Asks: 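Structure provided below as structure tokens; questions to follow.
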Amino acid sequence: MPTDTHSVVPADPFEELASRDVQLQAARIVQEGFAAALRLSAEGDESKQRDEVLGRLADHLREWSRMTTLEAAHLRMALLLGGLDQWGLAYAKAFGAGALGGVSALIADLRDGLGVEEEAACQRFLDALHDNEAAALDFKIANRRELHLSLWHTLLAAESRPQAEVLLQILGGLLLALVKVMPTLGWRLVADTLASIQIRCLQHGLASEGLGQEMTQELFAGVQAGLEEPLATQVNQRSSEAVQAWQEARRAVRH
């Protein structure tokens, strides 16, 4: 477990197969693919074009994954499948599995398109991503940041307190679970999310009043209360440093 916010991060064993830029691109593709499939889910099974559009979306993701060497392609597909699974599980808690028909179909299409050897190779990468916290860390940070921000924006748009409280519990639970799933590096992902939320608030005036402000304050308080020391202090310090760095960079641009 780290002892301060400047503890050394282990080397990413997949850095040569997937650079930081590739990992960030993978996180963006996961987010965009999930959003597109979710929209198709909302259209219902009666949409005649749904399967065709989902098929084209799956082909697009497959094409991106294969724009590299064979081994790196297996890693890219593992990132896409793992990322989509994380988004799907989180949204299923919030809205029920029935609302994710398009997402489930997309994941199934991607998996069905794998040969036996490809599927085995992807599974080995998925296992490595789970077992090694530093593996594809840039992807993990970016993917979870966008997932958490998406749920937070949904929380802000909640039409009632009970609906907002459900989303609050889900988001808070996801953040606290990170330090259990990733006991060495998970706190960094938590700090990144909290800093990103604060920056969005400052940049766009979000959660400045009413239920959204109250729920956001409760989210921060709940996460701090749910973390043991020294993690609570580390998360608070690192997120504060990130916000301060953003503010200084913004001032520098203005001048």
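Here the structure is a predicted model, which is why all the values come from computation and not from measurement. For this chain, numbers begin at 1 and follow the sequence in order.
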Asks: For Tyr91 and Phe34, I'd like to know if the aromatic rings sit close, meaning centre-to-centre distance below 6.0 Å.
Replies: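 Close enough - the centres of the two rings lie under 6.0 Å apart.
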
Asks: Has Gln203 got more than 12 heavy atoms of other residues, nucleotides or ligands less than 6.0 Å from its CD?
Replies: yes

Asks: May I have the step-by-step check of side chain to side chain contact (heavy atoms under 4.5 Å, CB included) for Ser240 and Asn236, ending in yes or no?
Replies: CA-CA 6 Å; Ser240 296; Asn236 184 57; 4.0 Å; yes

Asks: Can you tell me how far apart CD (Gln31) and CG (Leu84) are? Round to the nearest 0.5 Å.
Replies: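 If we round to the nearest 0.5 Å, Gln31:CD and Leu84:CG are 11.5 Å apart.
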
Asks: Please walk me through it: do Val243 and Gln247 pass side chain to side chain contact (heavy atoms under 4.5 Å, CB included)?
Replies: CA-CA 6 Å; Val243 173; Gln247 291 175 318; 4.1 Å; yes

Asks: Hey, are the side chains of Leu185 and Pro10 touching, using non-hydrogen atoms and a 4.5 Å cut-off?
Replies: yes

Asks: Write down the atom of Ala94, the atom of Leu167, and the distance for their closest heavy-atom approach.
Replies: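 Here Ala94 and Leu167 meet closest at CB-CD2, 3.8 Å.
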
Asks: Could you check if a side-chain atom of Arg238 sits within less than 4.5 angstrom of a side-chain atom of Asp192, using non-hydrogen atoms only?
Replies: no

Asks: Give me the atom names and distance for the closest heavy-atom approach of Val179 to Leu227.
Replies: CG1-CD2, 3.8 Å

Asks: For residues Gln25 and Asp21, is any side-chain donor paired with an opposing acceptor at under 3.5 Å?
Replies: no

Asks: Report yes or no: do Val181 and Val190 belong to one cluster of Ile/Leu/Val/Met/Phe/Trp/Tyr joined by side chain heavy-atom distances under 4.5 Å?
Replies: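 In one cluster: yes.
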
Asks: Does any part of the side chain of Thr193, heavy atoms only, come nearer than 4.5 Å to the side chain of Trp152, both counted from C-beta?
Replies: no

Asks: Please step through side chain to side chain contact (heavy atoms under 4.5 Å, CB included) for the pair Leu219 and Ile197, ending with a clear verdict.
Replies: CA-CA 11 Å; Leu219 173 66; Ile197 290 176; 3.9 Å; yes

Asks: If you draw a 6.0 Å radius around NE2 in His130, do more than 12 non-hydrogen atoms from other residues or ligands fall strictly inside?
Replies: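 Result for NE2/His130: open.
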
Asks: Looking only at the side chains, is there a donor atom on one of Glu248 and Gln244 sitting less than 3.5 Å from an acceptor on the other?
Replies: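 There is such a pair (donor and acceptor under 3.5 Å, judged by atom type) between the side chains of Glu248 and Gln244.
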
Asks: Between CZ of Arg188 and CD of Gln234, what distance do you get to the nearest 0.5 Å?
Replies: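 These two atoms lie 8.5 Å from each other.
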
Asks: Go through the side-chain N and O atoms of Glu229 and Thr233 and say whether any donor and acceptor fall under 3.5 Å apart.
Replies: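 Indeed, the side chains of Glu229 and Thr233 share at least one donor-acceptor pair under 3.5 Å.
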
Asks: Please find the pair of heavy atoms, one from Ser65 and one from Leu80, that lie closest to each other, and give the distance.
Replies: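 Nearest pair, atom of Ser65 first, then Leu80: CB-CD1, 4.4 Å.
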
Asks: Would you give the length of the straight line joining atom CG of Asp85 to atom CZ of Arg111, rounded to the nearest 0.5 angstrom?
Replies: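 That separation rounds to 5.5 Å.
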
Asks: Check Pro183 against Glu133 and note the closest heavy-atom contact, atom names and distance.
Replies: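 Here Pro183 and Glu133 meet closest at CD-OE2, 3.0 Å.
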
Asks: Once rounded to the nearest 0.5 Å, what's the spacing between atom CG of Leu17 and atom CD of Gln23?
Replies: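 Going from CG on Leu17 over to CD on Gln23, the span is 10.0 Å.
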
Asks: With hydrophobic residues grouped by side-chain heavy-atom distances under 4.5 Å, do Leu231 and Val9 end up in a single group?
Replies: yes

Asks: Do you know the tightest heavy-atom contact between Ala207 and Cys201?
Replies: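 Nearest heavy atoms, Ala207 then Cys201: CB-SG, 4.0 Å.
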
Asks: Atom CD of residue position Gln163 - does it have more than 12 heavy atoms of other residues, nucleotides or ligands inside 6.0 Å?
Replies: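 Count over threshold, so yes.
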
Asks: Could you tell me if the side chain of Trp246 sits less than 4.5 Å from the side chain of Leu202, heavy atoms only?
Replies: yes

Asks: Quick check: does any side chain N or O of Lys140 sit under 3.5 Å from a backbone N or O of Ala135, one acting as donor and the other as acceptor?
Replies: yes

Asks: Can you give me the closest heavy-atom contact between Asp109 and Gly55, atom names plus distance?
Replies: OD2-CA, 3.9 Å

Asks: For Gln123 and Glu119, which I'm curious about, is there any donor-acceptor pair between the side chains at under 3.5 Å?
Replies: no

Asks: Are any non-hydrogen side-chain atoms of His74 and Arg124 less than 4.5 angstrom apart?
Replies: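 When only atoms from C-beta onward are counted, Arg124 and His74 do not touch, as no gap falls below 4.5 Å.
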
Asks: How about Asn132 and Phe14: do any of their side-chain heavy atoms sit closer than 4.5 Å?
Replies: no

Asks: Take Arg20 and Asp12 through the test salt bridge (Lys or Arg N to Asp or Glu O under 4.0 Å) and record every step on the way to the result.
Replies: CA-CA 10 Å; Arg20 183 176 187 273; Asp12 179 356; over 6 Å; no

Asks: Quick check: is Leu75 connected to Leu24 through a chain of hydrophobic side chains (ILVMFWY, heavy atoms under 4.5 Å apart)?
Replies: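 Per the 4.5 Å side-chain linkage, Leu24 and Leu75 are not co-clustered.
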
Asks: Within a strict 4.5 Å, meaning less than it, do heavy atoms of the Phe139 and Val30 side chains meet?
Replies: yes

Asks: Indicate if Leu171 and Leu206 have the same hydrophobic cluster label, given that clusters are the connected sets of ILVMFWY residues with side-chain heavy-atom separations under 4.5 angstrom.
Replies: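 Yes, Leu171 connects to Leu206 through the hydrophobic network.
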
Asks: As an exercise, state the distance from CG of Leu147 to CD of Gln86, rounded to the nearest 0.5 Å.
Replies: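 If we round to the nearest 0.5 Å, Leu147:CG and Gln86:CD are 7.0 Å apart.
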
Asks: Under 3.5 Å, is there a donor-acceptor pair linking the side chains of Arg144 and His148?
Replies: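 There is such a pair (donor and acceptor under 3.5 Å, judged by atom type) between the side chains of Arg144 and His148.
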
Asks: Is the closest side-chain heavy-atom distance between Leu189 and Leu137 below 4.5 Å?
Replies: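 Yes, close enough: below the 4.5 Å cut-off.
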
Asks: Go through the steps for Glu146 and Trp87 under the test side chain to side chain contact (heavy atoms under 4.5 Å, CB included), then give the verdict.
Replies: CA-CA 10 Å; Glu146 297 308 322; Trp87 278 77; 3.9 Å; yes

Asks: Would you say Phe95 ends up clustered with Leu106 if hydrophobic residues are merged whenever their side chains have heavy atoms under 4.5 Å apart, either directly or through other cluster members?
Replies: yes

Asks: What is the distance from atom CD of Gln198 to atom CZ of Phe220, rounded to the nearest 0.5 Å?
Replies: 4.5 Å

